[in-house]
Chemist: 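Can you read through this structure? Questions will come right after.
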Amino acid sequence: MTTDRAGSCRPLSTDPEAHPAPTAPPQPPAGPSLPADTAVPAVTGMPSGSATGPAAGPTTAPAYRTTAPHAGGPTGARTDVAVVGAGILGVLVAREVLARDPAATVTVLDRDMIGSGATRRSAGLHFPRGANDAVRALAAESERFYADLHTARPDLPIHPVDMTVLAPESAEEALREAYLPEAKLRWTAELPPCVPVLPKDFGAWEGDGCQHADVHALTQFLAAELRPAVSFREGVAVETAAAGPGGTRLTLTGGATLDAGHVVIAPGPWTGEPAWRELVAPLGTRIKKVVALHVDTAPAPGDRAVVLHEEDAFLLPVHHRGHWLLSYTCREWDVDPATVDPAVTAGHLREGRALLTRYAPALAAHCRSGRVFCDAYGPDGTPLATALDPYGRLVFAGAAGGSGYRLAPALAARAVDLIPSLPSPRKATT
């Protein structure tokens with residue numbers, strides 16, 4: 001098989017230094033591995049850790065591998081890797097597992113349809129920046145992934161777009177720290193057509209590497225390509241998750257069970273679900289409302305994305321939908337995804353129109369609708385990929401802070417790095 005991550009369901013080909021295999025963590029206390037048919041003791045409230053089971057020897061199956069045939073097939077009783085959450089991140093986790101080991105069996109579960117949560121409501125903007133070194137590393141790796149994917153599959157709904165950043169002139173040093181070298185950030189005197197004049201003492205910078213996607217459609221495309229090799233179970237909720245040194249057991253809707261070597265939990269904003277609430281709680285994630293307003297006027301060909309650095313907001317021309325999108329930082333914390341009202345409020349519209357009046361006044365009167373949901377945020381704003389149990393069998397991936405699409409490829413790779421015995425990216429390309 002060919003070996004590039006951008007191709008359809010093929011082994012990984014990328015810079016192996018971008019996400020090297022993690023150093024082997026300390027082993028948990030010695031104990032017998034559980035036979036395949038033995039119930040796995042429940043693990044609740046355990047601190048985050050990355051301990052692994054026994055390493056595979058030359059005549060044993062890899063540590064992540066189950067022993068039953070057809071693990072990802074119709075019966076779904078056993079699978080090498082289970083992924084909980086079929087958003088863009090969960091689908092890319094499944095893709096990454098198969099990129100490293102095409103023989104692995106993978107099952108993806110979601111209580112709803114593929115891409116129906118935060119993925120469906122994503123603005124889908126990728127631009128090469130990060131608030132800290134960790135996020136910038138994730139952004140750089142993800143940018144390479146999407147560039148390769150777009151080159152290999154130009155039919156996918158990924159759309160390059162030019163970018164202009166507006167910020168106080170005094171912020172130039174901070175801008176150059178936040179944006180990746182690949183952005184080639186440069187001063188410009190030319191303003192986007194929708195911005196007639198800058199606020200006093202503001203400047204404008206052009207940058208490269210910006211693109212946006214119909215994230216829901218992209219996730220559907222990628223999942224469809226994976227279906228010959230991956231078992232997708234839509235409308236199937238996970239009710240309990242248990243781990244032991246020999247593997248994991250998930251109890252599913254209706255009492256069915258699924259045994260897996262490892263489980264990657266990519267729940268988006270549903271970090272408080274009973275099956276993993278006590279496991280995830282020590283991570284300190286919080287859920288914040290995310291608002292994107294629709295500006296009901298059609299963008300012109302060549303219109304640019306406009307990033308408002310000071311406000312952590314952006315204006316995006318969404319050509320395939322025929323309108324502009326304004327994403328701004330909403331300050332409503334600790335919301336519940338099960339009860340978030342998807343309708344915009346008068347307050348949301350008022351806040352959005354105030355931003356538009358400052359920068360693009362001709363668009364303000366057309367800001368009349370939008371989308372509302374929420375996402376998980378890490379305690380310091382950095383996405384998380386970490387083991388949840390002392391055996392390293394349950395892995396959490398998420399808390400991308402509203403940047404799930406932008407950082408998903410690299411975050412998926414980090415999560416898969418935590419599955420011991422999976423071939424590393426370097427091994428997958430040899």
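Values reported hereafter were calculated over all heavy atoms of this structure, with side chains retained and with hydrogens, waters and symmetry mates removed.
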Chemist: Does the side chain of Val318 reach to within under 4.5 Å of the side chain of Pro299, using non-hydrogen atoms?
Modeler: no

Chemist: Quick check: does any side chain N or O of Thr251 sit under 3.5 Å from a backbone N or O of Glu239, one acting as donor and the other as acceptor?
Modeler: no

Chemist: Taking all non-hydrogen atoms of both residues, which atom of Leu407 and which atom of Pro383 are closest, and how far apart?
Modeler: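 Shortest heavy-atom separation between Leu407 and Pro383 comes out as CD1-CG, 3.6 Å.
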
Chemist: For the residue pair Pro192 and Asp303, establish whether any side-chain heavy-atom pair is separated by less than 4.5 Å.
Modeler: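 No, every pair of side-chain atoms sits at 4.5 Å or beyond.
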
Chemist: Give the C-alpha distance, both sets of side-chain angles, the deciding distance and a yes or no for side chain to side chain contact (heavy atoms under 4.5 Å, CB included) between Leu109 and Leu250.
Modeler: CA-CA 11 Å; Leu109 307 112; Leu250 303 179; 4.1 Å; yes

Chemist: Can you name the side-chain hydrogen bond (donor to acceptor under 3.5 Å, both in side chains) partners of Asp155, sequence neighbours left out?
Modeler: Arg153

Chemist: About how many Å separate CG of Leu355 and CG of Leu363, when rounded to the nearest 0.5 Å?
Modeler: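 Taking CG in Leu363 and CG in Leu355, the distance rounds to 12.0 Å.
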
Chemist: For Thr357, what residues pass the side-chain hydrogen bond (donor to acceptor under 3.5 Å, both in side chains) criterion, not counting sequence neighbours?
Modeler: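 By the side-chain hydrogen bond (donor to acceptor under 3.5 Å, both in side chains) rule, Thr357 matches no residue at all.
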
Chemist: Got a salt bridge between Lys288 and Asp375, using NZ or NE/NH1/NH2 to carboxylate O under 4.0 Å?
Modeler: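 Looking at Lys288 and Asp375, the cut-off is not met.
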
Chemist: Under the ring-ring contact (aromatic ring centres under 6.0 Å, His included) rule, collect the residues that match up with Tyr405, sequence neighbours excluded.
Modeler: Tyr146

Chemist: Walk me through it: do Val306 and Cys194 pass the test side chain to side chain contact (heavy atoms under 4.5 Å, CB included)?
Modeler: CA-CA 9 Å; Val306 182; Cys194 65; 4.1 Å; yes

Chemist: Is the closest side-chain heavy-atom distance between Val230 and Val97 below 4.5 Å?
Modeler: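 Val230 does not reach Val97 side chain to side chain.
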
Chemist: Restricting to side-chain contact (heavy atoms from CB on, under 4.5 Å), what partner residues turn up for Ala224, sequence neighbours left out?
Modeler: none

Chemist: Test salt bridge (charged side-chain N to carboxylate O under 4.0 Å, His left out) on Arg100 and Asp417 and set out the steps.
Modeler: CA-CA 10 Å; Arg100 300 190 189 192; Asp417 284 344; 2.8 Å; yes

Chemist: Begin from the C-alpha positions of Glu177 and Arg136 and carry the test side chain to side chain contact (heavy atoms under 4.5 Å, CB included) through to its verdict.
Modeler: CA-CA 10 Å; Glu177 180 181 359; Arg136 285 189 284 274; 4.1 Å; yes

Chemist: Quick one: OG1 on Thr386 to CG on Leu394, what's the gap to the nearest 0.5 Å?
Modeler: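 Rounded to the nearest 0.5 Å, the OG1-CG separation comes to 11.5 Å.
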
Chemist: Going by side-chain contact (heavy atoms from CB on, under 4.5 Å), Phe396 matches just one of Leu279, Thr271, Val263. Which one?
Modeler: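 Looking at Leu279, Thr271, Val263, the match for Phe396 under the side-chain contact (heavy atoms from CB on, under 4.5 Å) is Thr271.
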
Chemist: Just how far is it from atom CG of Leu175 to atom CH2 of Trp205, taken to the nearest 0.5 Å?
Modeler: 5.5 Å

Chemist: Would you mind writing out the side-chain donor-acceptor pairs for residues 180-191 within the sub-3.5 Å range, not counting sequence neighbours?
Modeler:
{"unit_1": "Arg186", "atom_1": "NH1", "unit_2": "Lys184", "atom_2": "O", "d": "2.7"}
{"unit_1": "Arg186", "atom_1": "NH2", "unit_2": "Asp208", "atom_2": "OD1", "d": "3.0"}
{"unit_1": "Thr188", "atom_1": "OG1", "unit_2": "Glu190", "atom_2": "N", "d": "3.1"}

Chemist: How far apart are the closest heavy atoms of Ala82 and Leu258, and which atoms are they?
Modeler: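 Where Ala82 meets Leu258 most closely, the heavy atoms are CB-CD2, 4.1 Å.
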
Chemist: List the atom of Thr164, the atom of Ala204, and the distance in Å for their closest heavy-atom pair.
Modeler: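 In this case the closest contact between Thr164 and Ala204 is CG2-CB, 4.1 Å.
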
Chemist: Compare every heavy atom of Ala376 with every heavy atom of Gly268, then report the nearest pair and how far apart it is.
Modeler: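 Closest heavy-atom pair between Gly268 and Ala376: O-CB, 3.7 Å.
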
Chemist: Just to verify, what does Tyr377 make a ring-ring contact (aromatic ring centres under 6.0 Å, His included) with, not counting sequence neighbours?
Modeler: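 For Tyr377, the residues satisfying ring-ring contact (aromatic ring centres under 6.0 Å, His included) (neighbours in sequence not counted) are Trp333.
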
Chemist: What's the shortest heavy-atom distance between Ala94 and Val108, and which atoms?
Modeler: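 Nearest pair, atom of Ala94 first, then Val108: CB-CG2, 3.8 Å.
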
Chemist: Between the main-chain N or O of Ile88 and the side-chain N or O of Thr119, is there a donor-acceptor pair closer than 3.5 Å?
Modeler: yes

Chemist: Could you check whether any side-chain heavy atom of His150 comes within less than 4.5 Å of a side-chain heavy atom of Leu156, counting everything from C-beta outward?
Modeler: no

Chemist: I'd like to know if the side chain of Arg95 reaches the main chain of Leu226, judged simply by a donor and an acceptor atom lying under 3.5 Å from each other, with no hydrogens or angles considered.
Modeler: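 Not confirmed, Arg95 side chain does not pair with Leu226 backbone.
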
Chemist: Rounded to the nearest 0.5 Å, what separation is found between the CD atom of Gln211 and the CG atom of Leu125?
Modeler: 7.5 Å

Chemist: Please state whether the rings of Phe373 and Trp270 are parallel, tilted or perpendicular, taking 30° and 60° as the class boundaries.
Modeler: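 Geometry flag for Trp270 against Phe373: tilted rings.
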
Chemist: For the residue pair Ala123 and Leu325, what are the closest heavy atoms and their distance?
Modeler: CB-CD2, 3.8 Å

Chemist: Can you tell if the side chain of Leu356 reaches within under 4.5 Å of the side chain of Trp324, non-hydrogen atoms only?
Modeler: no

Chemist: Of all residues at least two apart in sequence or in a different chain, which pass the ring-ring contact (aromatic ring centres under 6.0 Å, His included) check with Trp276?
Modeler: none

Chemist: Taking side-chain contact (heavy atoms from CB on, under 4.5 Å) as the definition, give me every residue that meets it alongside Thr345, ordered by chain and number, with sequence neighbours left out.
Modeler: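 By the side-chain contact (heavy atoms from CB on, under 4.5 Å) rule, Thr345 matches His348.
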
Chemist: Hey, is Arg331 close enough to Glu351 for a salt bridge, meaning N to O under 4.0 Å?
Modeler: no

Chemist: To the nearest 0.5 Å, how far apart are CG in Asp336 and CD1 in Ile287?
Modeler: 9.0 Å

Chemist: With sequence neighbours excluded, tell me which residues meet side-chain contact (heavy atoms from CB on, under 4.5 Å) with Ala223.
Modeler: Val91, Ile114, Phe232

Chemist: State, with a plain yes or no, whether a side-chain heavy atom of Val81 is found less than 4.5 Å away from one of Val93.
Modeler: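 No, their side chains stay 4.5 Å or more apart.
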
Chemist: Name all residues meeting the side-chain contact (heavy atoms from CB on, under 4.5 Å) criterion together with Pro157; count only those two or more places apart in sequence or in a different chain, and write none if there are none.
Modeler: His159, Asp214, Ala217, Leu218, Phe221

Chemist: Kindly compute the distance separating CG (Asp312) from OG1 (Thr329), expressed to the nearest 0.5 Å.
Modeler: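 With rounding to 0.5 Å, CG (Asp312) is 3.5 Å from OG1 (Thr329).
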
Chemist: Considering only heavy atoms from C-beta outward, does the side chain of Val161 approach that of Pro317 to under 4.5 Å?
Modeler: yes

Chemist: Measure from the side-chain N and O atoms of Thr248 to the backbone N and O of Ala260, and report whether any donor-acceptor pair falls under 3.5 Å.
Modeler: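 Checking the backbone N and O of Ala260 against the side chain of Thr248, a donor-acceptor pair under 3.5 Å is found.
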
Chemist: Would you please name every residue forming a ring-ring contact (aromatic ring centres under 6.0 Å, His included) with His323, sequence neighbours left out?
Modeler: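 ring-ring contact (aromatic ring centres under 6.0 Å, His included) list for His323, sorted by chain: His294.
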
Chemist: Only pairs at least two apart or in different chains count here, so list each salt bridge (charged side-chain N to carboxylate O under 4.0 Å, His left out) that has a residue in residues 109-122.
Modeler: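 Every salt bridge (charged side-chain N to carboxylate O under 4.0 Å, His left out) pair that includes a residue of residues 109-122, provided the two are not neighbours, is Arg111-Glu273.
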
Chemist: Counting distance only, does the side-chain N/O of Arg406 pair as donor-acceptor with the main-chain N or O of Arg129 below 3.5 Å?
Modeler: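 Judged by distance alone, yes, a pair lies under 3.5 Å.
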
Chemist: With no hydrogens and no angle check, is any side-chain donor or acceptor of Thr285 less than 3.5 Å from a backbone partner on Ala399?
Modeler: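 Checking the backbone N and O of Ala399 against the side chain of Thr285, no donor-acceptor pair under 3.5 Å is found.
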
Chemist: Side-chain contact test, heavy atoms from C-beta onward, threshold under 4.5 Å: evaluate it for Arg358 versus Leu308 and give yes or no.
Modeler: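 A side-chain contact is absent here, since even the closest heavy-atom pair is not under 4.5 Å.
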
Chemist: Please step through side chain to side chain contact (heavy atoms under 4.5 Å, CB included) for the pair Leu252 and Arg233, ending with a clear verdict.
Modeler: CA-CA 10 Å; Leu252 311 178; Arg233 296 202 193 175; 3.4 Å; yes

